[in-house]
Amino acid sequence: VLCQKAREVLMDEPNVLTVAPPIIICGDIHAQYHDLIEIFRIGGPCPDTNYLFMGDYVDRGYYSVETVTLLITLKVRYRERIFLLRGNHESRQ
């Protein structure tokens, strides 16, 4: 069910996003789940804070599934507060 809802939410977004400030821009997460939790602790919880994640959610860390699941869940719940870009690890190549 989560994957179906996430697909709907992401397919509804345009290819070029317009995001309103203030927003926290986050670089590569690379499956560092605990660092992601720390980002939310420092920056503020959703939906109180806007976040733009610039991709590369998996690889290198031990928590790829947990990291992607949390971000996708937040995106479905707070679609106007969490923005997820696709990095090279989210590409088919």
Side-chain angles (χ1 to χ4, degrees):
V1 174
L2 177 61
C3 290
Q4 291 172 337
K5 190 64 175 172
R7 184 177 189 278
E8 291 172 17
V9 168
L10 294 171
M11 294 292 286
D12 282 345
E13 285 191 341
N15 288 335
V16 177
L17 296 173
T18 301
V19 295
I23 192 164
I24 294 177
I25 301 172
C26 303
D28 301 0
I29 299 296
H30 287 295
Q32 300 299 321
Y33 179 80
H34 299 288
D35 291 346
L36 178 60
I37 298 300
E38 186 70 4
I39 288 170
F40 289 129
R41 189 189 69 74
I42 293 169
C46 292
D48 300 336
T49 306
N50 296 324
Y51 287 94
L52 170 65
F53 290 94
M54 299 184 62
D56 293 349
Y57 309 113
V58 299
D59 190 34
R60 299 187 190 159
Y62 293 109
Y63 301 102
S64 292
V65 172
E66 294 85 349
T67 300
V68 169
T69 302
L70 176 58
L71 289 171
I72 292 294
T73 302
L74 291 171
K75 178 63 183 173
V76 168
R77 177 67 177 95
Y78 306 112
R79 66 179 68 189
E80 300 299 323
R81 297 293 207 162
I82 298 281
F83 300 94
L84 304 174
L85 302 182
R86 184 174 60 193
N88 65 300
H89 293 289
E90 291 77 46
S91 176
R92 292 182 190 199
Q93 296 177 346

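Only this structure's heavy atoms are used, side chains among them; waters, hydrogens and symmetry mates stay out.
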Under 30°, 30 to 60°, or over 60°: which ring-plane class applies to Tyr57 and Phe53, parallel, tilted or perpendicular?
perpendicular

Over all heavy atoms of both residues, which pair between Thr67 and Ile29 is shortest? Give the atoms and the distance, please.
CG2-CG2, 3.6 Å

Under 4.5 Å between side-chain heavy atoms, counting indirect links through other Ile/Leu/Val/Met/Phe/Trp/Tyr residues: same cluster for Met11 and Ile72 or not?
no

What one should report as the nearest heavy-atom pair of Val65 and Thr69 is O-OG1, 2.6 Å

Quick one: pull up CG in Leu84 and CG in Leu52 and give me the separation to the nearest 0.5 Å.
8.5 Å

Exceeds 12 heavy-atom contacts within 6.0 angstrom, atom OH of Tyr63:
no

Of all heavy-atom pairs between Tyr51 and Cys26, which one has the smallest distance, and what is that distance?
CD2-SG, 4.0 Å

Minimal non-hydrogen separation, Thr49 against Gly43, with atom names:
OG1-O, 3.0 Å

Enumerate, atom names and distances included, each donor-acceptor pair closer than 3.5 Å involving a side-chain atom of residues 32-42, sequence neighbours excluded.
residue, atom, partner, partner atom, Å
Gln32, NE2, His30, O, 3.4
Glu38, OE1, Arg41, NE, 3.1
Glu38, OE2, Arg41, NE, 3.3
Glu38, OE2, Arg41, NH2, 2.7

What pairs of residues pass the side-chain hydrogen bond (donor to acceptor under 3.5 Å, both in side chains) test when at least one of them lies in residues 72-81, not counting sequence neighbours?
Glu13-Lys75, Asn50-Arg81

Close side-chain approach of Val58 to Asp56, heavy-atom, < 4.5 Å
no

